[in-house]
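Below is one structure, written out as structure tokens; comments come after it.
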Amino acid sequence: MRMFALTLGLLAALLTSGAALAQPLEALVAQLPAGGYPDRARVIAAIAESGDDRAAGVLEALAAGELFALKADGRVVRGIERSGETVAVDPLTGAEIGPLGRRDGEKIKVNNALRRDIAAALGALTLMSPDPARRLAAAARVFAGADPGQIEALDAALARETDPAVRAAMMDARAASVMASDRPLAEKREAIDRLVARGDRDALSILTAAAASPDAALAAAAEAGRAEVERVRALWGTAQNLWYGLSLGSVLMLAAIGLAISFGVMGVINMAHGELVMLGAYTTYVVQEAIRAAAPGLFDWSLAIALPLAFLVSGAVGVAIERGVCRHLYGRPLETLLATWGVSLILQQAVRSVFGPTNKEVGNPSWMSGAFEIGQIAITWNRFWILIFALAVFALLLAVLKRTPMGLQMRAVTQNRRMAASMGVRTDWVDALTFGLGAGIAGLAGVALSQIDNVSPNLGQGYIVDSFMVVVFGGVGNLWGALAGAFTLGAVNKFLEPHAGAVLAKVLLLVFIILFIQRRPRGLFALKGRAVEQ
Amino acid sequence: MTAPRLLDTRSVVFLTLIAVAAVAVPMANLAAEPGSALHLSSFAVSLFGKYLTYALLALSVDLIWGYCGILSLGHGAFFALGGYAMGMHLMREIGPRGVYAHPVLPDFMVFLNWDALPWYWWGFDMFWFACLMVVLVPGALAFVFGWLAFRSRVTGVYLSIITQALTYALMLAFFRNDMGFGGNNGLTDFKDLLGFSLQSDATRAGLFVASALALAAGFLICRFIVTSRLGQVLVSIRDAEARARFLGYRVESYKLFVFTISAMMAGVAGALYVPQVGIINPGEFSPANSIEIVIWVAVGGRGLLAGAALGAILVNAAKTLLTGWAPEIWLFFLGGVFVLVTIFLPRGVLGGLTAAGDRLGRRRRREYRPRTATSGRTTQPAE
Amino acid sequence: MVRQAANSMLYLDGVSISFDGFRAINGLSLVMAPGEMRAVIGPNGAGKTTMMDIITGKTRPDAGDVLFAGEIDLTRHDEAGIARLGIGRKFQKPTVFETHSVEDNLLLALKGRRGVFDVLRARRTAAESARIDELLDLIGLEPRRRDLGADLGHGQKQWLEIGMLLAQDPKVLLIDEPAAGMTDAETAQTAALLRRIAGEHTIMVVEHDMDFVRALGVKVTVLHEGTVIAEGSIDHVSADPRVVEVYLGR
């Protein structure tokens with residue numbers, strides 16, 4: 001129980017901080033090479049007791065075998081690998097001293113017993129650190145180590161801890177340590193409850209191990225706890241899949257909704273839709289490059305600047321496609337499909353010629369990087385904002401269609417082109433604007449997709465089949481159909497994935513849609529009646 | 001128009017050209033001295049052979065699109081399935097000569113630690129069985145898919161999109177190693193066919209002739225169909241599906257029939273393609289490939305069987321030249337062809353030529369016989 | 001009603017259908033005797049074309065009976081099957097096979113086997129040629145027998161389509177707006193054509209043109225909002241106040 005004694009001593013030292021008997025850290029470090037392992041253990045204890053903030057760093061370096069005694073003057077240095085060669089630095093300040101040749105110094109050796117001492121000392125040291133982040137990290141380390149020897153240190157630290165998050169982590173660590181100890185059953189039951197409340201994979205593995213314990217009572221309690229954790233985890237797993245599904249759905253919707261508009265109003269398939277998305281992504285890239293060069297401070301605004309530009313770029317190309325190609329092919333939807341495919345090849349090659357065939361680096365603004373957690377599901381900010389953005393685009397589009405004169409004309413043309421024309425609606429303008437609107441939205445989708453996908457000339461290709469599936473599944477000419485289609489397909493895909501694997505899930509989904517379209521040849525939200533069939 | 005002949009002038013010209021190629025190309029390779037102006041390299045023989053299989057594929061697409069209005073954006077799938085069936089036979093032919101020298105299993109299966117041949121590989125060691133599968137597998141898939149789609153009256157762009165989904169799904173599936181078709185790498189490193197080394201000039205010439213014969217046979221089958229009354233019904237369905245239905249024609253049966261025949265032809269084309277290029281991989285299923293087939297047909301002339309074959313050869317010759325000469329131009333060119341042909345040349349090269357020829361001919365006739373009883377147009381009904 | 005069905009050629013009773021809540025046909029009942037010619041009139045949206053869709057199997061009714069020749073339940077057959085039973089239909093917009101010659105249009109319409117393999121082997125017989133000649137005379141398109149369908153005028157397409165219907169040798173003909181877009185002379189000729197073929201066939205004509213209906217001189221059924229509101233001679237229904245209100249009054 002050497003460790004126990006050490007920890008107690010250490011605690012005493014820390015609690016009566018600034019104890020007079022403590023030597024300066026520099027002197028203690030200098031004593032490290034001397035003597036055998038027992039001597040070194042005493043020095044380590046003293047270092048831990050020093051109460052110096054730099055102590056943890058030294059101990060970590062020692063444990064990692066990075067401390068050397070220089071043969072020339074016996075000085076203790078830390079050897080750091082830097083671009084292939086070892087450099088000697090001061091173990092306390094980190095100041096560079098010079099290159100460290102293989103024969104210049106002798107490694108200060110540690111054995112397993114010492115390593116345990118160091119780990120315990122480090123755990124306790126950092127559990128008491130004034131920095132809550134370090135305390136949290138220490139608690140996590142203790143949790144992972146699950147060392148019964150740490151229980152006292154944890155109790156002591158818990159007695160002083162005020163930060164609730166760190167406190168919770170310490171309680172978890174204590175529970176894990178208790179499970180590894182030979183403490184009485186009652187305490188272990190409490191620990192099991194604690195672990196069940198934590199409910200993550202680590203808790204699960206501790207409980208699973210305990211469920212195999214020879215102590216029948218403990219095993220039963222642990223088994224019950226394990227079952228509970230699994231149940232809760234399954235629930236969270238469903239929630240996580242649901243989130244993935246929503247996220248994929250939002251991406252699909254962004255990619256498909258522009259297509260749904262032009263398909264719905266004009267009955268033409270725009271095979272270049274994916275390339276319009278790709279243009280939106282490249283617009284984002286160009287905007288970010290310009291910002292990096294001219295005004296790096298604006299980087300967080302890059303997406304806000306890219307959005308209107310992407311809308312305009314893709315929208316303008318869309319209008320050009322409509323005026324240049326589709327207009328000549330009205331009433332021949334299959335030919336339109338082929339011609340726009342040709343346009344898509346040209347756009348792809350054009351982008352490849354200008355920007356090169358490789359992926360372009362598009363950065364996430366700070367507010368889009370990282371992730372947050374709700375319960376046990378991790379949500380990345382970029383996926384979160386894309387979902388919000390997709391819904392916003394949907395709402396905006398709905399408003400445009402329902403509330404504006406242009407929307408009214410578009411709906412009129414969708415329902416009865418000839419009638420609308422005879423009522424004075426300039427159907428050719430409506431067509432061009434509709435196509436432009438659909439294309440502009442593809443551009444917006446491109447800005448969003450640049451945040452989660454590789455920006456390359458092939459970007460659009462990856463989405464075109466999926467977007468068609470959404471449109472066909474949801475029903476043509478119906479925004480709500482596109483919404484429902486995208487989210488249904490997204491969710492189904494993500495729920496199939498854990499069982500079938502990503503590729504097979506996709507294949508199954510396609511087969512499902514092929515079968516579905518037999519039942520509902522006009523999609524989920526098809527218009528019914530006589531007029532539609534003409 | 002009435003009772004079209006099985007072999008009109010154009011058909012005779014087309015078949016003659018195939019016959020000439022079937023004799024001349026192998027001769028130029030085998031008989032002409034290397035270095036002489038007439039000599040054709042073995043590479044060129046296989047290249048031209050590949051064009052012929054593409055022509056057969058184009059023919060199969062023209063049969064359904066040109067004559068029945070079914071735009072399949074997934075015909076590459078049937079081509080690839082036929083190719084895989086042949087590829088499986090060629091893999092079995094390698095026998096113990098593979099890298100791992102396993103007596104039965106192809107190399108990729110040994111590599112994946114499989115210990116037995118999956119059941120769907122059984123029988124492919126027999127050539128006749130593989131040939132049967134070349135036709136049956138694409139035919140069966142087309143039959144099931146078509147039965148579902150046509151019965152539910154999935155038409156127009158919807159049908160095009162689900163055919164595209166079909167080939168896309170197959171591509172993803174074939175990319176998986178678990179499928180047992182070599183995954184990403186597909187099937188390759190073939191050695192010989194019926195005992196003839198695939199590397200030898202004579203075999204290549206033989207495959208070329210086989211491709212030419214298959215093209216001629218495919219052409220005759222298509223001609224037989226489109227010149228029969230069935231062909232007239234198909235065109236009726238293309239132009240006025242509802243009218244055909246209300247005349248008592250069960251449209252879905254007709255579509256299913258040509259769709260299945262067409263898929264079988266595509267399968268044969270794929271089977272001839274694979275030994276000549278030496279590989280089949282899931283890339284053949286990619287939707288882009290299938291759309292490209294359609295443009296061959298459009299370029300040559302939709303609804304003119306010879307036109308489709310011509311288009312396939314023209315576009316692929318251009319592809320060979322352009323990708324060798326300036327690869328970045330190729331997609332611009334292909335994209336441009338899609339746009340220009342659909343807008344300005346809806347009847348394709350051959351269709352355009354024929355129309356011009358007809359106009360010329362009519363003008364000449366009119367000069368000789370300004371007015372005859374039959375050519376005058378009456379607008380009064382004989383009431 | 002059962003007795004009535006037994007002697008009828010076409011028998012609709014209590015037929016209803018709605019599209020997304022809109023009741024296009026609402027409890028419609030109508031009986032036609034063999035050999036009868038009937039004109040069906042009604043304002044736009046009265047359900048005339050939808051009724052034809054139901055009879056020809058294009059649309060399935062939500063409720064009601066549709067019987068042919070007193071016993072065959074038409075709701076159990078598809079369009080092609082119903083056409084083979086002997087019900088021909090002419091569309092509102094004249095629809096012929098534009099890339100086939102007039103002669104071939106008629107050939108394809110001739111009554112005969114419709115199976116894929118039957119058709120693949122079919123060759124034109126002397127009997128077929130004779131029947132085509134007969135029909136060409138009847139519809140007055142003999143001089144244009146070799147021209148393409150696409151090259152015909154609007155009225156000629158209407159006649160050709162009627163000719164195709166007759167080629168099927170149907171028991172019942174459903175004719176949707178045969179006079180639409182025709183000149184007065186063409187309209188008169190069409191009426192004469194219909195009168196000539198009446199008697200051998202049961203004919204239902206849907207028409208807007210009152211002069212045309214008057215020229216036919218047959219029993220008239222008036223539809224409004226998917227129901228029959230009046231039936232009788234043209235003079236009788238013209239006098240009906242409800243008909244005046246919904247249709248003639250406008």
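Chain identifiers are assigned alphabetically (A, B, ...) following the order of the sequence lines, protein sequences preceding nucleic acid strands; residue numbering begins at 1 within each chain.
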Bottom line for B:W330: the part with an atom under 4.5 Å from chain A's heavy atoms is neither
Under 4.5 Å to a heavy atom of chain B? For A:L338 that would be both
*asked:* Using side chain to side chain contact (heavy atoms under 4.5 Å, CB included), reason through B:L73 and B:I161 one step at a time and then give a plain yes or no.
replied: CA-CA 7 Å; B:L73 296 185; B:I161 289 172; 5.9 Å; no
Under 4.5 Å to a heavy atom of chain A? For B:L166 that would be both
- Message: Ring centroids only, cut at 6.0 angstrom: are B:Y84 and B:F79 within range, meaning strictly under it?
- Response: no
Looking at A:S456, is its backbone amide N or carbonyl O close enough to the side chain of A:N454 to form a donor-acceptor pair, meaning the two atoms are under 3.5 Å apart? no
When the 4.5 angstrom heavy-atom criterion is applied to B:A242 and chain A, the contacting part is neither
Inset, instruction - Answer with yes or no whether the side chains of B:S262 and B:H75 bring together a donor and an acceptor at under 3.5 Å. - result: yes
Under 4.5 Å to a heavy atom of chain B? For A:L510 that would be side chain
### Query
Do the charged groups of B:R153 and B:E241 touch, with an N to O distance under 4.0 Å?
no
Bottom line for B:E328: the part with an atom under 4.5 Å from chain A's heavy atoms is both
Regarding B:E252 and B:K255, does a basic nitrogen lie under 4.0 Å from an acidic carboxylate oxygen?
no
Whatever's closer than 4.5 Å to a heavy atom in chain B on A:L329 counts as side chain
Bottom line for A:I513: the part with an atom under 4.5 Å from chain B's heavy atoms is neither
Residues 343-350 of chain B, side-chain donor-acceptor partners within the protein, below 3.5 Å, at least two apart:
none

When the 4.5 angstrom heavy-atom criterion is applied to B:V157 and chain A, the contacting part is both
Interface check, chain B: of A:L337, A:V465, A:V343, most non-hydrogen pairs under 4.5 Å belong to A:V465
Under 4.5 Å to a heavy atom of chain B? For A:L334 that would be both
Notebook entry, point to check: So, A:N493 and A:Y244: side-chain donor and acceptor under 3.5 Å apart, yes or no?
Noted result: no
